[in-house]
Amino acid sequence: MNDPNTARVSCGALTASDAGRRVELDGWVHRRRDHGGLIFIDVRDRSGITQVIFDPSLGEVFGQAETLRSEDVIRVCGVVRSRPAGTENAKLATGQVEVPAAELEILNRSETPPFVIAAEEEPAEEVRLRYRYLDLRRPRMQRNLTVRHRILKAFRDYFDDHGFLEVETPNLIKSTPEGARDYLVPSRLHRGTFYALPQSPQILKQILMIGGLGRYMQIARCFRDEDSRSDRQPEFTQVDVEMTFVSQDEVLAMMEGSVRYVWEHALGQTIPDPLPRLTYAEAMRRFGSDKPDLRFELELVDVADAFRGGAFGLFAGLAESEANRVIALRWPGGAALSRRDFDAVTELAKTFGAKGLAYVSFAPDGIKGSIARFVDEPLAAQLRERCGAQDGDAILFVGDAKHGASEVAGKLRLEIGERLGLRKPDAFAFCWVLGFPLFERDEETGEITFSHHPFTAPAPGQEALFDSDPLALTAQHYDLVLNGYELGSGSIRNHTAEFQNRVFKRLGLSDEQIEDRFGFFMEALRYGAPPHGGMALGIDRIVMIACGENSLRDVIAFPKNQTARDVMMDAPSSVPDQALNDLGLRIVEPPPA
RNA sequence: GGUCUCGUAGUGUAGUGGACUGCACCGCUGAUUGUCGAUCAGCUAGUACGAGUUCGAUCCUCGUCGAGGCCGCCA
């Protein structure tokens, strides 16, 4: 069919103006409607669907058409024509035209697919992933991967426009045993040693700065051997960025610009300029999260003082110390909830780490709820005033040590927002979160550890605190947050070996440990490392939110499932003994439980 | 590691401590010349696995396996 008079066209592209053209359509049998003496076949490719019609006058071709089934792959030639009056299909982009087949070539047959591509109903995710190549034929996945492509391209275009060089960094690197668990790759040539897959190209991009690249970006694959969530995959993609001779504000402006450009060019939407900024302390206080969902209000309200010296002993006691919070959280319409509903919410709060949950509701027949008997009229009036609660609302109370109370209340806030439909998938609420502490105390060991990573620089002018009160140090670190998801984080880095060494020492590393793990990096810092800083944005999450999806698995072509398995390939899998022998590995059975 | 929910034909679902587990789609056979979720007639095909309670279990209990959500974890 390599006829110069025949144009190969996309299945979704034909319009009335194409009538009279002789075209070739290649694609899958989407649906067939067999009327015995007349057969309609919808031919599908990524661009859409065109109706092809077979007439018995075609003889042998018609006989072939009778055998066509879903997902067979065909090539059809014919002259496009307008549909007879009254048979147009307004629901179809190509509904004004059809192609009466003159020739048919069956390029491949399909077995009966386990699920119907054309169906509205969605098979279980396990089935979708097992037959991913079929799932990918569905419009939803084709759309999501298209959006993903456009977003990636927009990022590349933007950073290219701003003088960034895309530089690839290796995937077989050195394990630096801090942070998440590494994926390890055994070395054959150096038996008993291992490469690690990068958790991020962090050190490498810093060395690129030392290498004088100035402005670097990369669409980088990262690997972390930790348990998955709907928004976390063991293997994920970042837009990784690093720049020299920049202030924090300059990095923020550049990154903010990239996101604004992406939203405009890939999604056709404008976002605020500038993006709102919150401090870490403010985010925790008002939203109970370092990644607040700003699509809705419902802020946390501090009410400890209202309970001080009052009848409710638990909160009165908590109110005596600045280390505690008593947080009120308005639940619009919450008075309609049953006792049973509140019990369920209390159970939920306990899974978040709450010891319990107090609540009052303002029902038409008076104040109700678990602590209603401690809430007299003046207190009720005060609480309503401060929370902005109306008749029919409820207020939840979380009281505990500051940080824990904030986190519990923050998660309850999201739950309320979710139930009230306030987390709209087509709304995009960005914000920066700044002013994180540089160090924090490890709750298990009691040791001082870094909040994000050990290369982050403290805010200028805080040198005096470094030894006297390290936990009071503020980091030049920033998170970009969208709709309650952390899109990415970055920082201004330490660029002198001397200061980096002080940080490592402060974290309790010995000279030997520093040399063993970071010796190459410390050495690089000593050869004229310029001031630098950067950021990495999680592409998978950005695409997920942009597509209105709830799971990364719907925006990744071949994702792992929750247990980190690829159910299509069946990975991970065992390997032949010879492969283990080459690597000097032996599998040890786990000890009996 | 913990916890919750789920597992019924190829797919999506319904239902019940007791008789042939119902429906839709897919598939198969036949009919059908203007459909587009084609239509009409017929057919095929199922309780994840194991143990227990019970006269009797798809249903109740426990375990195993698998899946998903959340907590821990994720510098």
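Within every chain, numbering begins at 1; the chains are lettered A, B, ... in the order of the sequence lines, protein sequences first and strands thereafter. Values reported hereafter were calculated over all heavy atoms of this structure, with side chains retained and with hydrogens, waters and symmetry mates removed.
- Here the P atom of nucleotide A38(B) and the CG atom of N89(A) are 11 Å apart, to the nearest Å.
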- Item | Base-pairing string, 5' to 3', of RNA chain B - Watson-Crick or wobble, under 3.5 Å, | interstrand | (((((((..((((....[...)))).(((((.......)))))....(((((..]....))))))))))))....
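- Note on R553(A): a side-chain N or O is less than 4.0 Å away from OP1 or OP2 of G69(B).
- With C1' as the reference atom, C25(B) and A9(B) are 12 Å apart, rounded to whole Å.
- For R232(A), the CZ atom counts as densely surrounded, since its 6.0 Å shell holds more than 12 non-hydrogen atoms of other residues, nucleotides or ligands.
- Electrostatic pairing of E125(A) and R553(A) counts as a salt bridge here, judged by a charged N lying under 4.0 Å from a carboxylate O.
- When heavy atoms are screened at a 4.0 angstrom cut-off, E120(A) is found touching no nucleic acid atom at all.
- In this structure, the CG atom of D55(A) is 15 Å from the P atom of U32(B), given to the nearest Å.
- Using a 4.0 Å heavy-atom cutoff across all strands shown, T449(A) reaches no nucleic acid atom at all.
- In R130(A), the CZ atom is not crowded: 12 or fewer heavy atoms of neighbouring residues, nucleotides or ligands sit closer than 6.0 Å.
- E98(A) comes within contact range of at least one nucleobase, with a heavy-atom separation under 4.0 Å.
- Annotation: U8(B) and G15(B) have their C1' atoms spaced 10 Å apart (nearest Å).
- The pair R33(A)-D42(A) counts as a salt bridge, with a side-chain nitrogen and a carboxylate oxygen less than 4.0 angstrom apart.
- Distances shorter than 4.0 Å separate none of the side-chain N or O atoms of R69(A) from OP1 or OP2 on G27(B).
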